[in-house]
Amino acid sequence: MTAETLFASLQLSVPELILAIGALVLLMVGVYSSERATPVVTGLSVAVLVVAGLWLILNTGDGEAYGGAFLSDPFAKFMKVLALIGSVTVMVMTIGQARAAQIDRFEFPVLLLLATLGMLLMISANDLISLYLSLELQSLALYVVAAINRDSVRSTEAGLKYFVLGALSSGMLLYGMSLVYGFTGHTGFDEIAAALTVEGRSLGLVFGLVFILAGLAFKISAVPFHMWTPDVYEGAPTPVTAFFAAAPKVAAMAMLVRIVIEAFEPVVADWRQIVVFISIASMLLGSFAAIGQRNIKRLMAYSSIGHMGYALVGLAAGSMAGVRGVILYMLIYMVMTLGTFACILAMRRRDGEHVEGIDDLAGLSQTNPFMATVLTILMFSLAGIPPLAGFFAKYFVFVAAIEAQLYGLAIIGVLASVVGAYYYLRVIKVMWFDEAKGEFARTSGELRLVYGLSGLFVLGYVLIGGPLGNAAEAAARTFF
């Protein structure tokens, strides 16, 4: 690699360099400062993320870097901005909650920075090796974050479960990659697609494809690789769960879209069968398993599994409309999820105790009408009730599936949505029609800001959907 190509590569990866250098500097700041360094490190971490996001938005350069292993294009930029927004929002939500959640350590924001760096690299990965390395950078940070509250048995158990099952999924992913390399002779996405176009598929390559999709399905918690999700969501500290539910899902879905649409586009008939299966299984399990849940974090875990199933409906279409639907779905899902978790973080009694039971929301409309109204809007949106944002998210992916003649998949998706509406409506019923059990403590300004803006976005999506749809279409056109 010459000096000119290295300089060009560094220019294309400036946001990642900002996060990497920022994380290392802030780690040193935390180590050599007093115990009161956490608010300073958190504030500076937010600043680093914002600077990286502004660079992405203002800089228009596209191209390949590091010998084709790293790719900067409109799709990557759109999904990276989404991931950065998710990370910034979680850090802002954590500012007033770190002490109560017992994660008041300077390592927490540094680990989130490193996880976000892994996400950005995942989204831009254009090679199997760079994909794996970036995925592991994200995962290793998340394993530690899940168990960051060392005094909590639940948090430690969540981190251990996530680590063991994550190691299993990484092994499956690596095995699949080795098979694909063995049968194509390449690790670059473009080269794999070219080899498949010339030589056609073989049985060994299909096995490799299955293992790769199994490893990636774990990262988006799609059935049958969802088993970690409810336990980790419930056991991890709530700010950590909010992070798990938002930014990493966006990055993992972007990575899945890139690998199937770019690398395995010539064998679309093979990967479509797998995606259709995990989509249907995720939608059905997410809808039915959540019905009996009494813990709102577990409810959101099964809700997340179901929503990843709906997003995969658009991916199964394999068309530009389908990819556009996936992009918009992940945008809307992330906003709804962050707003809901801001409300969950606000579920704190006057004595400082955090509660997580759905029944603890009883009578919220009498004690905190604003929060009850916003949470009601978010629940209706998660259920897909028009004219809220969640309805449009499902509409775009179902229309893409119908255009691709996947009628059965679209019908199952609609029926699963009807079943899923039950447990969202139950939360609304508890808030508005049950007797109040007590009043929550005063909500912090950061949480009110997050769930207020989230509710406003969901309610006003009809007005801003046009520009967002155009941006998503421009991102989707990258592949077609």
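None of the values given here were measured: they were computed from a predicted structure.
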- Phe479 atom CZ, neighbour heavy-atom count above 12 within 6.0 Å: yes
- Task: Check the pair Ser454, Val374 against side chain to side chain contact (heavy atoms under 4.5 Å, CB included), reporting the backbone distance first and the verdict last.
- Result: CA-CA 8 Å; Ser454 177; Val374 171; 5.8 Å; no
- Less than 4.5 Å apart, any side-chain heavy atom of Leu284 and any of Ile280? yes
Scan the side chains in residues 289-301 for donor-acceptor partners under 3.5 Å anywhere in the protein, sequence neighbours excluded, and list what turns up.
| unit_1 | atom_1 | unit_2 | atom_2 | d |
| --- | --- | --- | --- | --- |
| Gln293 | OE1 | Arg298 | NE | 3.3 |
| Gln293 | NE2 | Ala289 | O | 3.1 |
| Asn295 | OD1 | Lys297 | N | 2.8 |
| Asn295 | OD1 | Arg298 | N | 3.3 |
| Asn295 | ND2 | Glu356 | OE1 | 3.1 |
| Lys297 | NZ | Glu234 | O | 3.3 |
| Lys297 | NZ | Ala236 | O | 2.9 |
| Lys297 | NZ | Thr238 | OG1 | 3.3 |
| Lys297 | NZ | Glu356 | OE2 | 3.4 |
| Arg298 | NH1 | Asp231 | OD1 | 3.1 |
| Arg298 | NH1 | Glu234 | OE1 | 2.9 |

- Please name all residues satisfying side-chain contact (heavy atoms from CB on, under 4.5 Å) with Leu54, sequence neighbours left out, ordered by chain then number. Val50
- Evaluation steps, side chain to side chain contact (heavy atoms under 4.5 Å, CB included), between Leu117 and Glu16: CA-CA 6 Å; Leu117 170 62; Glu16 287 78 8; 3.8 Å; yes
- Query: How close do Ser155 and Ile148 get, heavy atom to heavy atom, and via which atoms?
  - Reply: OG-N, 3.8 Å
- Query: Closest heavy-atom contact between Leu409 and Ser279?
  - Reply: CD1-OG, 3.8 Å
- Given side chain to side chain contact (heavy atoms under 4.5 Å, CB included), test Tyr451 with Leu338 step by step and report yes or no. CA-CA 7 Å; Tyr451 66 64; Leu338 288 172; over 6 Å; no
- Item | Distance-only polar pair, side chains of Trp432 and Thr376, donor-acceptor under 3.5 Å | yes
Name each donor-acceptor pair under 3.5 Å that joins a side chain in residues 312-331 to protein atoms two or more places apart or in another chain, with its distance.
| unit_1 | atom_1 | unit_2 | atom_2 | d |
| --- | --- | --- | --- | --- |
| Ser319 | OG | Gly322 | N | 3.1 |
| Arg324 | NE | Gly469 | O | 3.4 |
| Tyr329 | OH | His307 | ND1 | 2.6 |

- Task: To the nearest 0.5 angstrom, please state how far the CD1 atom of Ile411 sits from the CG atom of Leu406.
- Result: 11.0 Å
- Would you find more than 12 non-hydrogen atoms of other residues, nucleotides or ligands less than 6.0 Å from Tyr395 atom OH? no
- Any side-chain heavy atom of Arg348 sitting closer than 4.5 Å to one from Phe440? no
- Item | Check: Ser221 side chain, His226 main-chain N or O, donor-acceptor pair, under 3.5 Å | no
- Message: So Leu26 and Ser45, do their side chains get closer than 4.5 Å, heavy atoms only?
- Response: yes
- Message: Within the 4.5 Å heavy-atom criterion, are Val268 and Ile261 side-chain neighbours or not?
- Response: no
- Query: Above 12 or not: heavy atoms from other molecules or residues under 6.0 Å from CZ of Arg349?
  - Reply: yes
- Message: With a 4.5 Å cut-off on side-chain heavy atoms, are Met255 and Ile123 touching?
- Response: no
- Note on the structure: Closest non-hydrogen atoms of Leu388 and Ile377, given as atom of the first, atom of the second and distance, are CD1-O, 3.6 Å
- Kindly compute the distance separating OG (Ser134) from CG (Leu121), expressed to the nearest 0.5 Å. 5.5 Å
- Item | Any side-chain donor near an acceptor of the partner, Thr229 and Tyr302, under 3.5 Å | no
- Query: In Å and rounded to the nearest 0.5 Å, what is the CZ to CG distance from Phe163 to Leu140?
  - Reply: 8.0 Å
- Query: Donor-acceptor pair, Thr337 side chain versus Ala242 backbone, under 3.5 Å?
  - Reply: no
- Query: How close do Ser287 and Tyr423 get, heavy atom to heavy atom, and via which atoms?
  - Reply: O-CE2, 3.3 Å
- Note on the structure: Applying side-chain contact (heavy atoms from CB on, under 4.5 Å) to Val450 and not counting sequence neighbours gives Thr89, Met93, Ala342
- Task: Quick one: do Leu382 and Met379 satisfy side chain to side chain contact (heavy atoms under 4.5 Å, CB included)? Show the steps, please.
- Result: CA-CA 5 Å; Leu382 285 165; Met379 289 293 119; 3.8 Å; yes
- Is Met308 close to Met253 at the side-chain level, that is, under 4.5 Å between some pair of heavy atoms? yes
- Message: Run the ring pair (Phe, Tyr, Trp, His ring centres under 6.0 Å) test on Tyr424 and Phe380 for me, step by step, so that the C-alpha distance in whole Å, both residues' side-chain angles and the decisive distance to 0.1 Å come before the verdict.
- Response: CA-CA 7 Å; Tyr424 296 121; Phe380 274 131; 9.8 Å; no
- Query: Parallel, tilted or perpendicular: which fits the ring planes of Tyr162 and Phe218, with parallel below 30° and perpendicular above 60°?
  - Reply: parallel
- Hey, could you give me the OG/CG distance between Ser139 and Leu135, rounded to the nearest 0.5 Å? 4.5 Å
- Item | Side chain Ser365, main chain Met431, donor-acceptor under 3.5 Å | yes
- Query: How long is the gap from CG on Leu114 to CG on Leu142, to the nearest 0.5 Å?
  - Reply: 10.5 Å
- Report yes if the side chains of Val88 and Ile85 come closer than 4.5 Å at any heavy-atom pair, otherwise no. no
- Query: Are the side chain of Ser282 and the backbone of Val223 linked by a donor-acceptor contact shorter than 3.5 Å?
  - Reply: yes
- Task: Please report the shortest heavy-atom distance between Ala141 and Leu111, naming the atom on each side.
- Result: CB-O, 3.6 Å
- Query: Taking Thr241 for the side chain and Pro237 for the main chain, is one N or O donor matched with an acceptor at less than 3.5 Å?
  - Reply: yes
- Message: Between Arg448 (side chain only) and Thr443 (backbone N and O only), is there a donor and an acceptor less than 3.5 Å apart?
- Response: yes
- 4.5 Å side-chain heavy-atom contact, Phe75 and Val257: yes
- Sequence-distant partners of Val51, side-chain contact (heavy atoms from CB on, under 4.5 Å), two or more places apart: Ile18
- Message: Quick check for you: to the nearest 0.5 Å, what is the distance between Phe78 atom CZ and Thr478 atom OG1?
- Response: 11.0 Å
- Heavy-atom closest pair, residues Thr116 and Ser87: OG1-OG, 2.9 Å
In residues 414-422, what donor-acceptor pairs under 3.5 Å come from side-chain atoms, sequence neighbours left out?
| unit_1 | atom_1 | unit_2 | atom_2 | d |
| --- | --- | --- | --- | --- |
| Ser417 | OG | Tyr310 | OH | 3.4 |
| Ser417 | OG | Lys394 | NZ | 3.4 |
| Ser417 | OG | Gly413 | O | 3.0 |

